[in-house]
Q: 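Okay, here's the structure, questions in a sec.
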Amino acid sequence: MLSIKNLSASVDGTEILKGLNLEVNAGEVHAIMGPNGSGKSTLASVVAGKDDYEVLGEITLNGKDILELAPEERAAEGVFLAFQYPVEIPGVSNVNFLKTAVNDIRAYKGLPPMVAKDFLKMLKEKQALVELDKKLSSRSVNEGFSGGEKKRNEIFQMAMLNPKLAILDETDSGLDIDALRIVANGVNKLKSLDNATIVITHYQRLLDYIIPDFVHVLYDGKIIKSGTKELALELEEKGYDWLIKPEMAQ
Amino acid sequence: MGKYTEEQLEKELETQEYKYGFVTDIETEKAPIGLSEDIIRLISSKKNEPNWLLEYRLKAYNAWLTMKEPEWAHVNYPKVNFQDIYYYAAPKPKKQLSSLDEVDSELLEMYDKLGISIDEQKKLSNVAVDIVMDSVSVKTTFQDTLAKLGIIFGSFSDAVQNHPELVKKYMGTIVPYTDNYYAALNAAVFTDGSFCYIPKGVKCPMELSTYFRINEAQTGQFERTLVVADQGSYVSYLEGCTAPMRDENQLHAAVVELIALDDAEIKYSTVQNWYPGDKEGKGGIYNFVTKRGLCEKNAKISWTQVETGSAVTWKYPSCILKGDNSVGEFYSVAVTNNFQQADTGTKMLHLGKNTKSTIISKGVSAGGSQNSYRGLVKINKNATNARNFSQCDSLLMGNKCGAHTFPYIEVDNKSAKVEHEATTSKIGEDQIFYCNQRGIDTESAIKLIVNGYAKDVLNKLPMEFAVEAQKLLAISLEGSVG
Ligand SMILES: Nc1ncnc2c1ncn2[C@@H]1O[C@H](COP(=O)(O)OP(=O)(O)OP(=O)(O)O)[C@@H](O)[C@H]1O
Ligand SMILES: [Mg+2]
């Protein structure tokens with residue numbers, strides 16, 4: 001599904017991603033962990049098409065080179081990013097925002113806008129899926145939402161847009177214990193054999209709910225270790241030092 | 001597929017044509033160019049006016065001759081040559097039209113282009129429309145329905161002929177010809193406009209709307225609107241404005257007077273989309289307008305305006321809160337782009353006790369434009385317990401534009417409460433990227449964000465026009481982001 005080869009990304013001459021490789025197949029869940037500032041969010045932004053970066057290397061989605069595509073085209077091709085820091089858009093209701101998003105993506109695929117009735121039906125279904133307070137969907141996008149509400153709203157949007165590749169950037173941080181379970185359940189229900197999920201997290205806890213097929217450690221712009229879910233437990237216990245030290249010795 | 005960058009958007013928007021910039025080929029009758037007493041006499045006789053009105057015009061003209069063009073506004077433009085303007089241009093035939101079939105087919109086509117097919121409007125929406133082209137009111141719809149309720153709605157000229165006592169009683173009482181330079185000019189040469197009277201206790205069942213259009217080259221448009229809401233009545237009134245694209249600047253100097261008698265309410269909405277000039281700043285309408293309303297006891301006047309057009313706008317819809325417990329409101333969205341300049345705001349004069357006013361002004365500046373809010377809140381010494389709340393927000397797109405706020409507050413009564421809030425923000429790149437990531441392209445993202453920003457004001461517009469206004473906001477935004 002997603003294939004990243006020798007990806008590097010820099011801002012003003014400073015390299016943040018330094019030759020990163022990652023293969024994600026349909027039906028898989030990958031977890032990316034790593035210390036603060038290691039480049040996790042940058043990776044997510046680069047895949048989503050944020051144009052702050054000088055990018056080299058290759059990113060393909062289902063065989064299609066997406067580096068040349070604008071962010072909205074990547075979104076229409078099925079890339080979804082749950083932001084670490086969701087953005088507020090005052091005065092624009094969640095419903096209107098999502099209606100625009102859903103219909104713009106449909107237009108990209110040559111489909112007519114969704115009938116209002118169908119849209120509302122979907123809205124209700126997905127609201128139920130992440131147990132989102134109905135009031136939140138009529139409020140302005142993220143404006144005045146609590147930290148946890150914002151995160152839940154991201155997953156609600158993900159449910160509405162039904163992406164091929166979802167990247168969840170620290171969606172668990174800020175969620176209370178119940179919300180974490182609900183959001184994780186939502187993500188699990190959205191999982192299928194045709195889509196893939198990348199979860200960026202600092203905590204093993206989330207991975208008890210969303211069980212990853214692979215766990216990667218990102219450090220200094222590179223994936224320095226990959227393993228299965230046991231790796232996350234090991235990291236929880238030992239931290240990153242044992243991985244970084246030999247790396248630095250090289 | 002290439003990446004759609006902000007620069008591309010900027011280009012695309014810059015080349016986006018002013019949608020209403022067509023010229024309709026209709027034969028017109030024009031008075032000779034220039035301004036003099038003779039021209040004023042000619043206009044007055046063309047319109048078969050009573051002598052008092054001619055006298056009024058001439059007094060205004062003589063007052064105007066002694067006045068100076070105001071220069072205090074934060075705008076900059078070449079001086080208008082008042083002798084280089086046609087003061088009267090009327091579409092022919094100008095006989096009274098009683099049915100749609102009699103309307104010139106070119107005119108009908110023009111209405112379609114304006115998106116106001118009268119026929120459609122008649123069937124679909126509950127809106128009575130009066131259309132004023134260049135100087136003359138050409139068609140009023142729904143007159144019969146309104147007449148049954150005793151509502152008078154139609155052209156100013158008709159009102160002068162049919163209800164001279166009402167016109168004489170109220171005209172110039174709120175905006176006297178001595179008020180300012182453009183008000184004096186208007187009083188001297190106004191050619192038409194709309195007149196509306198709502199009788200005691202009547203709630204007007206439909207939106208009343210006037211559509212103004214400048215069509216002829218080198219003509220000025222000087223219309224007068226007078227709305228009188230008698231005791232306990234209610235009316236919602238909307239005006240829309242468009243003009244063709246022309247290289248030269250054209251002058252629009254209107255006067256609007258609103259009178260809300262005891263317990264009456266007037267909601268006056270404007271969607272102003274005069275031609276703003278091209279992206280080099282060539283051409284466009286000079287929009288110098290005086291709008292003022294008077295509230296008697298318990299009366300309420302709301303001004304709502306969406307200003308997207310004109311090269312230069314100079315406009316301060318105001319409320320005189322004379323009666324106790326009266327309420328004045330001003331809701332404004334002003335968008336400027338390229339070389340547009342807007343100096344707009346309001347005056348709220350609190351004279352009566354327990355008077356309340358609310359001001360919400362949302363400026364959006366893009367390109368190299370200048371957008372100023374200028375507002376006066378004056379609490380008179382007898383206005384015990386007066387309240388005002390003002391909020392002035394500016395949204396900037398790009399680095400070449402300017403937003404300015406000039407709030408003036410004069411309080412002569414200690415019990416007054418006056419609050420003023422102001423914010424300036426930029427459309428964030430993070431907001432745009434967030435939208436992009438959800439599949440929304442940059443152009444639509446800007447539309448969403450700007451409409452969201454202006455929502456508090458757009459919500460005040462009558463439903464029928466809110467959608468149109470949203471589209472206008474989107475169309476008129478050319479320029480960079482971030
Ligand atoms: N646009 C930018 N301009 C300058 N520096 C940037 C930019 N984006 C990222 N960086 C830098 O790149 C590094 C990686 O940032 P990134 O946000 O990807 O880290 P992260 O792994 O997500 O960290 P955290 O766990 O704290 O979320 C940081 O040092 C950050 O300051
Ligand atoms: Mg991060």
Side-chain angles (χ1 to χ4, degrees), chain A residues 44-45 47-52 55 64-94 96-109 140-143 150 153-154 157-158 160-163 166-167 169, chain B residues 1-9 12 306 331 333 360 362 364 391 393-395 421 423-461 466-467 469-471 473-474 480-482:
Chain A
S45 299
V47 172
K50 192 167 194 186
D51 72 355
D52 296 3
V55 177
K64 189 170 190 171
D65 176 9
I66 60 165
L67 269 185
E68 284 305 304
L69 299 183
E72 64 273 19
E73 292 168 334
R74 299 186 198 194
E77 292 285 344
V79 176
F80 180 90
L81 170 58
F83 285 66
Q84 182 174 3
Y85 304 107
V87 177
E88 303 190 0
I89 310 181
V92 178
S93 74
N94 250 330
N96 187 20
F97 179 71
L98 279 168
K99 202 179 77 196
T100 310
V102 165
N103 286 333
D104 282 6
I105 290 176
R106 287 176 66 91
Y108 178 86
K109 294 178 175 161
S140 298
V141 179
N142 295 323
E143 193 189 24
K150 282 182 184 169
N153 194 30
E154 293 292 287
Q157 292 184 27
M158 168 181 159
M160 289 294 289
L161 298 176
N162 192 25
I167 306 172
D169 191 355
Chain B
M1 207 174 307
K3 235 173 149 187
Y4 188 78
T5 63
E6 275 156 30
E7 289 93 278
Q8 278 170 297
L9 172 71
E12 188 177 312
V306 175
Y331 302 107
V333 179
I360 294 182
K362 303 259 179 184
V364 182
Q391 185 187 331
D393 297 330
S394 309
L395 187 67
E421 287 175 9
T423 67
T424 301
S425 51
K426 275 192 155 199
I427 289 195
E429 285 184 38
D430 53 344
Q431 286 176 323
I432 302 229
F433 178 64
Y434 191 73
C435 293
N436 288 161
Q437 209 302 303
R438 299 304 187 240
I440 302 167
D441 67 24
T442 301
E443 200 189 328
S444 316
I446 292 171
K447 280 184 210 170
L448 264 183
I449 295 165
V450 169
N451 276 310
Y453 164 79
K455 191 164 115 190
D456 292 349
V457 174
L458 297 177
N459 277 347
K460 303 287 177 189
L461 283 176
V467 177
Q470 285 191 11
K471 284 191 205 141
L473 285 188
S480 61
V481 180

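Letters A, B, ... are given to chains in the order of the sequence lines, protein chains preceding strands, and every chain is numbered from 1.
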Q: Between NZ of K50(A) and CD1 of I432(B), what distance do you get to the nearest 0.5 Å?
A: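 One finds 11.5 Å between NZ of K50(A) and CD1 of I432(B).
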Q: Is it the side chain or the backbone of Y453(B) that comes within 4.5 Å of chain A heavy atoms, both, or neither?
A: backbone
Q: For chain B, which candidate among S140(A), S93(A), P90(A), A107(A) shows the most heavy-atom pairs at distances under 4.5 Å?
A: P90(A)
Q: Once you round to the nearest 0.5 Å, how far does CD of Q437(B) lie from CD1 of I167(A)?
A: 8.0 Å
Q: If you measure from SG on C435(B) to CG on D104(A), what distance do you get to the nearest 0.5 Å?
A: 10.0 Å
Q: Measure across A75(A) and G439(B) and return the closest heavy-atom pair with its distance rounded to 0.1 Å.
A: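 Taking every non-hydrogen atom into account, CB-N, 3.4 Å.
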Q: Taking the side chain as every heavy atom from C-beta outward, state whether V141(A) and Y434(B) have any pair of such atoms under 4.5 Å apart.
A: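 Yes. Closest side-chain heavy atoms under 4.5 Å.
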Q: How close do F433(B) and A48(A) get, heavy atom to heavy atom, and via which atoms?
A: CZ-CB, 3.9 Å
Q: Testing the 3.5 Å rule here: is there a donor-acceptor pair between the side chains of D430(B) and Y85(A)?
A: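 No, no side-chain donor-acceptor pair sits under 3.5 Å.
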Q: Decide yes or no for V92(A) and N451(B): does some side-chain heavy atom of the first lie under 4.5 Å from some side-chain heavy atom of the second?
A: no
Q: State, to 0.1 Å, how close Q431(B) and I89(A) come at their nearest heavy-atom pair, and which atoms those are.
A: NE2-CA, 4.1 Å
Q: Looking at G91(A), P163(A), S45(A), which one has more heavy-atom pairs under 4.5 Å with chain B than the rest?
A: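 Max contact count across the listed options: G91(A).
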Q: Considering residues at least two apart in sequence or located in another chain, which fulfil the side-chain hydrogen bond (donor to acceptor under 3.5 Å, both in side chains) criterion with E88(A)?
A: K150(A)
Q: Given that the side chain runs from C-beta out, which part of N142(A) has a heavy atom under 4.5 Å from chain B: side chain, backbone, both or neither?
A: side chain
Q: Does L448(B) reach the side chain of T100(A), with side-chain heavy atoms less than 4.5 Å apart?
A: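 When only atoms from C-beta onward are counted, T100(A) and L448(B) do touch, with a gap below 4.5 Å.
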Q: Could you give the distance from CZ (R438(B)) to CD (E72(A)), rounded to the nearest 0.5 Å?
A: 13.5 Å
Q: Are F97(A) and I440(B) packed together at the side-chain level, in the sense that at least one heavy-atom pair is separated by less than 4.5 angstrom?
A: yes
